[in-house]
Amino acid sequence: MASNAAVPFWRAAGMTYITYSNICANLVRNCLKEPYKTEAISRERVHFAVSKWTDGKPETPTIRTDTPDD
């Protein structure tokens, strides 16, 4: 049986590691002074492509841009 003592605190709080790291990144960005803060926030945007596969071949990818919600 596993002990709860070895569980990371973010897991014990019911978060995923991605959620925890996003919270930490937002805190660091908000602690920066200008002009570094504006520059860091502008890099927060994420671009990615989504492709559906049919018969073992990818269809035309859809480019998406997501910006985190404040």
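Here the structure is a predicted model, which is why all the values come from computation and not from measurement. Computed from heavy atoms alone, side chains included, the values below leave out hydrogens, waters and symmetry copies.
A distance of 14.0 Å separates NZ in Lys33 from OG1 in Thr38, rounded to the nearest 0.5 Å. Rounding to the nearest 0.5 angstrom, the gap separating the NZ atom in Lys52 from the OG1 atom in Thr60 is 12.5 Å. The line from CD1 of Ile23 to CD1 of Ile18 is 12.0 Å long, rounded to the nearest 0.5 Å. For the atom pair CD1 (Ile41) and CG (Asn26), the distance works out to 8.5 Å, reported to the nearest 0.5 Å.
Linking Ile, Leu, Val, Met, Phe, Trp and Tyr residues whenever their side-chain heavy atoms come within less than 4.5 Å leaves Leu27 and Tyr36 in two separate clusters.
Ser21 contributes a side-chain N or O that, together with a main-chain N or O of Tyr17, makes up a donor-acceptor pair within less than 3.5 Å.
Closest approach of Lys37 to Arg29, counting heavy atoms only: CG-O, 3.4 Å.
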